[in-house]
2 protein chains.
Amino acid sequence: MLDHINQFSPLCQTALHDLAKVLRQVQLAKGEFLVTEAKVCNHVYFVERGCLRGFYNLDGKEITYWFGFEDSFVTSFFSFISRKPAVENIQAIEDCTLWAIGYNDLQTLYARHKDMERLGRIMHERYYVMLEERFVANHFKEARERYENLMSTAPHILQRVPLGYIASYLGITQETLSRIRTKV
Amino acid sequence: MLDHINQFSPLCQTALHDLAKVLRQVQLAKGEFLVTEAKVCNHVYFVERGCLRGFYNLDGKEITYWFGFEDSFVTSFFSFISRKPAVENIQAIEDCTLWAIGYNDLQTLYARHKDMERLGRIMHERYYVMLEERFVANHFKEARERYENLMSTAPHILQRVPLGYIASYLGITQETLSRIRTKV
DNA sequence: TGGCTACTTTGATATATGTCAAAAAAAGTG
DNA sequence: CACTTTTTTTGACATATATCAAAGTAGCCA
């Protein structure tokens with residue numbers, strides 16, 4: 001697991017050692033919540049196994065905005081950084097194994113190791129490159145185009161995630177997505 | 001100008017000094033481009049005066065995704081970080097005065113000063129907190145709700161930016177926005 | 001194997017928003 | 001002030017998608 005973080009952005013031995021000391025393993029069953037709206041999110045998680053989704057509750061609807069798989073970082077970046085209550089939820093789609101780093105521990109690591117500051121910056125950079133790509137993809141006018149774009153860029157999502165979540169990710173209803181699929 | 005960056009995230013004297021040496025002033029007339037799609041963006045800019053917009057060309061339409069005003073950082077974060085060609089354009093809505101930092105200079109500053117690494121991280125964090133807020137706001141189902149949300153959270157945009165740009169920012173046509181405004 | 005639950009598809013109808021076209025209003029410019 | 005250019009509003013019509021409702025289909029567990 002530290003191997004993966006190390007590949008993400010190289011850390012010196014002492015930084016790795018300090019990081020290892022504060023990591024805590026978290027097991028999450030399918031359906032359970034990692035982040036809950038209206039609560040401040042105090043951890044960043046690294047996904048070792050499993051699959052999760054982030055969603056907002058808006059107008060009484062669940063809007064899925066993100067799917068996370070193995071070897072990626074997960075948190076309410078918004079809440080974790082701003083220290084304000086999260087506006088979104090993050091839920092396990094499958095049983096998950098995660099590694100958690102607490103907010104204070106991370107700040108201490110940032111202060112102590114330049115390598116960690118760099119890791120933090122790169123983690124953030126990756127995250128919003130993803131946001132950016134998602135934002136662009138969501139602006140195809142027709143739902144069919146957005147679906148086809150998802151099929152070509154992230155087909156693994158379609159195989160592991162129920163249709164209803166994908167529909168809300170694409171900004172359409174499950175019924176519309178179902179109709180699109182029969183036509184494609 | 002360095003004052004503003006310093007308020008953003010404090011820098012030690014030597015970091016400020018090194019930063020000052022690599023900053024270059026840029027003047028931009030209304031309508032001119034700061035970032036052009038298909039070209040790699042090699043600078044981060046700080047807005048001293050003026051107002052800009054970022055937009056994508058999608059399906060032959062311009063999709064405005066961002067407005068920037070005084071005292072904020074501007075760049076194609078996507079292109080600047082990934083070193084790939086930008087997929088978006090950034091254009092001056094008014095005459096602008098900016099300060100530019102080159103990619104290599106910034107990497108050198110990151111390597112030399114922990115303060116700068118921190119500034120970079122915070123700049124990125126702010127940027128995607130903004131992306132996140134925008135993403136949430138854009139998911140109100142009705143265009144009227146999105147417009148009212150913009151009115152209450154960023155009324156200054158409505159006063160400085162032409163209606164057509166705001167419409168594309170809200171994901172609707174100019175005609176629809178015009179009709180919404182007469183009803184509100 | 002049966003039966004329960006979760007997930008997906010199909011059908012009929014309503015509507016918010018887009019599209020195309022033109023007029024009106026506002027803002028620059030000599 | 002006249003004149004051009006830019007920006008905003010108004011009108012008529014088309015359509016992609018939502019909504020509500022029901023029927024299939026697949027997965028899972030005793």
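Protein chains get the first letters and strands the later ones, always in sequence-line order, with residue 1 at the start of each.
Nucleic acid contact for B:G171: sugar-phosphate only, since backbone atoms but no base atoms lie under 4.0 Å from a heavy atom of the residue.
Across the protein-nucleic acid pair, B:E145 atom CD and C:dA16 atom P stand 12 Å apart, rounded to whole Å.
A rotation axis mapping the C1' atoms of four pairs onto the next four is fitted at both ends of the helix from C:dT1-D:dA30 to C:dG30-D:dC1 over five pairs, and the angle between these axes is 50° to 10 degrees.
A:Y103 and A:F80 have perpendicular rings, their planes meeting at more than 60° on a 0 to 90° scale where under 30° would count as parallel.
Non-hydrogen atoms lying under 4.0 Å from DNA chain D are contributed by nothing in residues 147-160 of chain B.
Under the side-chain contact (heavy atoms from CB on, under 4.5 Å) test applied with B:L170, the options B:L150, B:N149, B:T64 reduce to a single match, B:L150.
A ring-centre distance under 6.0 Å is found for B:H156 and B:F69.
For the salt bridge (charged side-chain N to carboxylate O under 4.0 Å, His left out) test, no residue two or more places apart in sequence or in another chain qualifies with B:E175. Under the ring pair (Phe, Tyr, Trp, His ring centres under 6.0 Å) criterion, B:F77 pairs with A:Y128, B:H124, B:Y127, not counting sequence neighbours. Residues forming a side-chain hydrogen bond (donor to acceptor under 3.5 Å, both in side chains) with A:D105 (at least two apart in sequence, or on another chain): none. With sequence neighbours excluded, the residues forming a side-chain hydrogen bond (donor to acceptor under 3.5 Å, both in side chains) with A:D71 are A:H4, listed by chain and number. Judged as a side-chain hydrogen bond (donor to acceptor under 3.5 Å, both in side chains), and not counting sequence neighbours, the contacts of B:H113 are B:D18.
Other residues sharing a hydrophobic cluster with B:V40 under the 4.5 Å side-chain heavy-atom criterion for ILVMFWY residues do not exist; the residue is a singleton. The hydrophobic cluster around A:F33 extends to A:F55, counting ILVMFWY residues whose side-chain heavy atoms fall within less than 4.5 Å of a member.
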With the sugar-phosphate defined as primed atoms, P, OP1 and OP2, and the base as all remaining atoms, what B/S/- string results for nucleotides 7-14 of chain C, 5' to 3', for protein heavy atoms under 4.0 Å? -BBBBB--
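Under a 4.0 Å N-O distance rule, the pair A:E148/A:R144 qualifies as a salt bridge.
Taking a heavy-atom distance under 4.0 Å as the criterion, the stretch of DNA chain D touched by chain A extends 5' to 3' from D:dA16 to D:dA21.
For residues 24-50 of chain B, the set of pairs meeting the salt bridge (charged side-chain N to carboxylate O under 4.0 Å, His left out) definition, not counting sequence neighbours, is empty.
If you check the side chains of B:S9 and B:R118, you find no donor sitting under 3.5 Å from an acceptor.
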